[in-house]
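As structure tokens, the structure follows; a few thoughts come after it.
Being a predicted model, the structure only gives us computed values, none of them experimental. Counting starts at 1 for both ligands and their atoms, following the listed order. Residues take their numbers from the sequence shown, with the count starting at 1.
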Amino acid sequence: MSGISALDRGKVIGKVTSEQYDLVIIGGGITGAGIVLDAASRGLKVALDEKSDFASGTSSKSTKLIHGGLRYLKQFEIALVREVGMERAIVHKLAPHLVKSEKMLLPLIKDGTYGKILTSLGLMVYDVLAGVEREDQRKMLSKDEALTLEPLLDESVLEGGGLYAEYRTDDARLTTEILKTAAGYKADILNYAEAIDFLYTDDQVSGITWKDHLTGNTHEIKASYVISAAGPWVDKIRKKNHSFEGKRLHPTKGVHVVLPREKFPVNQSVYFDVPDGRMLFAIPRDRVTYLGTTDTDYHGDLNDVRTDKVDVDYLLDGANRAFPDVDLTIEDVESSWAGLRPLIEEEGKSASELSRKDEIFESDTGLLSIAGGKLTGYRKMAERIVDKLAKRIRRDQDRKISDCITDEISICGGPFEDGEDVLKYEQVVAEKVKSAGLDTYYGVYLVGNYGRQSDDILKHFQEIDNEDPEIRLALAELEFTINIESVQSVMDFFERRTGRLYFHIQSIEKLRVPVLNKMAAVFSWSEERIQQENGYLDKAVEIASHFN
Ligand code: FAD
């Protein structure tokens with residue numbers, strides 16, 4: 001099984017500091033993950049450095065949809081809708097346990113964003129552009145049909161609906177699994193490794209200097225080429241390279257809030273109108289429903305993006321109007337997340353109007369930077385930038401690099417034939433967790449998070465001695481994620497590998513001590529480090545669930 005072990009970190013550091021690489025990538029979000037897999041699978045010798053944890057930037061803060069971006073049709077971004085629309089089916093094929101098909105309901109309301117004819121036409125174009133299979137193509141619904149699907153909708157303004165195909169995922173898990181897949185192609189991947197400067201040879205970048213945030217030590221990686229996939233931090237890196245000119249980023253903030261399913265019991269995912277002309281998603285996920293997103297200009301600290309009360313009020317007001325019986329209040333919000341879209345500045349355009357297209361910047365010193373885009377389009381973004389790099393390698397080294405093959409590389413966690421195969425496996429896992437004294441919900445949870453790697457976690461589960469099955473399961477996941485997914489801090493575990501901070505925040509109190517004890521034993525943490533980690537957890541819970 002390919003993976004990135006926290007316990008092999010010393011070995012990887014020894015290697016990256018002593019060998020010469022073809023390419024070093026800065027940033028371990030979905031963009032960097034896509035690039036490292038693309039480049040390594042084409043035979044390049046690649047290293048990747050992430051300054052914090054994998055997916056700790058925007059790639060754990062999205063709406064978690066692998067979608068074509070219906071709203072971009074309205075902005076006539078046909079090429080973008082077509083590309084990401086087509087990508088959905090490919091990414092689903094590569095990881096059907098992690099990218100699941102999901103029908104989206106778009107209610108048609110009196111004076112809403114889209115009328116009946118425009119919706120019908122728009123969804124048809126959307127299906128054609130994305131090459132959606134006939135049986136999955138959009139279906140227009142009468143008012144009664146829409147209400148049957150979603151009885152919580154406001155009957156007094158409802159005129160009908162459109163039902164269309166989308167996919168949902170977990171962004172942080174997808175990023176991690178792609179990185180693990182790249183490690184299977186011999187890529188050397190490190191978290192908590194911040195690129196702090198560049199190395200130059202004959203005025204061309206020839207590697208990076210990086211700081212190990214776990215030890216405080218500074219090291220170098222020598223590489224013929226450097227790509228920055230630093231998301232919202234791309235301009236900071238361009239400044240370090242003295243190449244910050246021309247186009248720049250315009251980060252916009254997006255917030256999601258999480259509500260208990262019983263308080264907001266939507267039957268299915270809904271994409272609905274709010275009074276300011278925008279639209280929000282309500283997405284049921286296991287025991288909760290999450291709601292988002294906002295889209296506002298952001299000028300604050302890139303490393304400390306928070307959900308403000310005004311964001312929560314906006315989202316709850318939108319939901320309360322569209323679903324008049326739910327009566328959501330701020331006290332109902334269990335958790336939340338806030339992230340930044342690394343969009344490219346366009347003069348005179350507001351946050352919502354900015355294009356979601358990706359863009360590559362090339363500096364005189366050879367640094368390639370990529371920003372913008374969508375989670376959904378990560379594979380094509382990677383293909384484009386590695387194609388560009390392949391041309392340079394051909395020019396500089398007279399070496400031919402093969403074409404992109406990532407549309408055929410199954411992402412870690414499989415293989416599964418299709419969604420049906422996932423469901424069958426889910427039933428097997430659900431039976432096992434039930435007989436171990438756990439709610440069958442954990443079957444869906446395990447397979448959705450880890451796919452067939454659930455077998456390994458259940459094996460660890462058998463070996464752990466604890467009376468409480470929920471603690472046993474968490475410790476089994478911890479064992480797996482330290483060994484295979486480079487968990488280095490409690491937050492890596494609670495926030496990005498397992499999603500508990502967002503989707504089961506109440507479980508943290510029970511799991512905190514056992515998880516801390518186990519990590520302290522594995523990593524020989526000092527008392528001071530244990531206190532520090534405890535503090536990180538307190539702060540994260542506070543930020544996710546309290547709003548100013
Ligand atoms: P990031 O995920 O931010 O990754 C960049 C990484 O670089 C970070 O981890 C950072 O720590 C690291 N880094 C920075 N500086 C350094 C350094 N000096 N050294 C080493 N590492 C460094 N897209 C979709 O397709 N579907 C959606 O449903 C969707 N919803 C969204 C909702 C919101 C609210 C937002 C904000 C975005 C959404 N997107 C969605 C867009 C998508 O999430 C982003 O396009 C994508 O996650 C960006 O990934 P990235 O890797 O470019 O950036």
Close side-chain approach of His504 and Tyr445, heavy atoms under 4.5 Å: no
Residues at least two apart in sequence or cross-chain that pass ring pair (Phe, Tyr, Trp, His ring centres under 6.0 Å) with Phe493, listed by chain then number, are none
Could you pull out all donor-acceptor pairs under 3.5 Å where a side-chain atom in residues 230-237 meets a protein atom, sequence neighbours excluded?
| from | atom 1 | to | atom 2 | distance (Å) |
| --- | --- | --- | --- | --- |
| Trp233 | NE1 | Asn303 | OD1 | 3.1 |
| Asp235 | OD1 | Arg238 | NH1 | 2.7 |
| Asp235 | OD2 | Leu249 | N | 2.8 |

Does the side chain of Arg285 pick up a donor-acceptor pair with the side chain of Tyr502 at under 3.5 Å? no
Query raised in the report: Going by an N to O cut-off under 4.0 Å, is there a salt bridge joining Lys374 and Asp358?
Result: no
In short, side-chain hydrogen bond (donor to acceptor under 3.5 Å, both in side chains) pairs touching residues 222-231 with sequence neighbours left out are Tyr225-Asp396
Between ligand 1 and the protein, tabulate every N or O atom pair separated by less than 3.5 Å, reporting distance only.
| from | atom 1 | to | atom 2 | distance (Å) |
| --- | --- | --- | --- | --- |
| ligand 1 | 2 (O) | Thr58 | N | 3.3 |
| ligand 1 | 2 (O) | Ser59 | N | 2.8 |
| ligand 1 | 2 (O) | Ser59 | OG | 2.5 |
| ligand 1 | 3 (O) | Thr58 | N | 2.9 |
| ligand 1 | 3 (O) | Thr58 | OG1 | 3.4 |
| ligand 1 | 9 (O) | Glu50 | OE1 | 2.7 |
| ligand 1 | 9 (O) | Glu50 | OE2 | 3.2 |
| ligand 1 | 11 (O) | Glu50 | OE2 | 2.7 |
| ligand 1 | 18 (N) | Ala195 | O | 3.0 |
| ligand 1 | 19 (N) | Ala195 | N | 2.9 |
| ligand 1 | 21 (N) | Lys51 | N | 3.0 |
| ligand 1 | 23 (N) | Leu375 | N | 3.2 |
| ligand 1 | 25 (O) | Leu375 | N | 3.1 |
| ligand 1 | 25 (O) | Thr376 | N | 2.8 |
| ligand 1 | 25 (O) | Thr376 | OG1 | 2.6 |
| ligand 1 | 26 (N) | Leu65 | O | 2.7 |
| ligand 1 | 26 (N) | His67 | NE2 | 3.4 |
| ligand 1 | 28 (O) | Leu65 | N | 3.1 |
| ligand 1 | 28 (O) | Leu65 | O | 3.4 |
| ligand 1 | 30 (N) | Thr63 | N | 3.0 |
| ligand 1 | 30 (N) | Thr63 | OG1 | 3.4 |
| ligand 1 | 45 (O) | Gly373 | O | 3.1 |
| ligand 1 | 47 (O) | Ser59 | OG | 3.0 |
| ligand 1 | 49 (O) | Ser59 | OG | 3.1 |
| ligand 1 | 51 (O) | Ile30 | N | 3.2 |
| ligand 1 | 51 (O) | Thr31 | N | 3.0 |
| ligand 1 | 51 (O) | Thr31 | OG1 | 3.2 |
| ligand 1 | 52 (O) | Thr31 | OG1 | 2.7 |

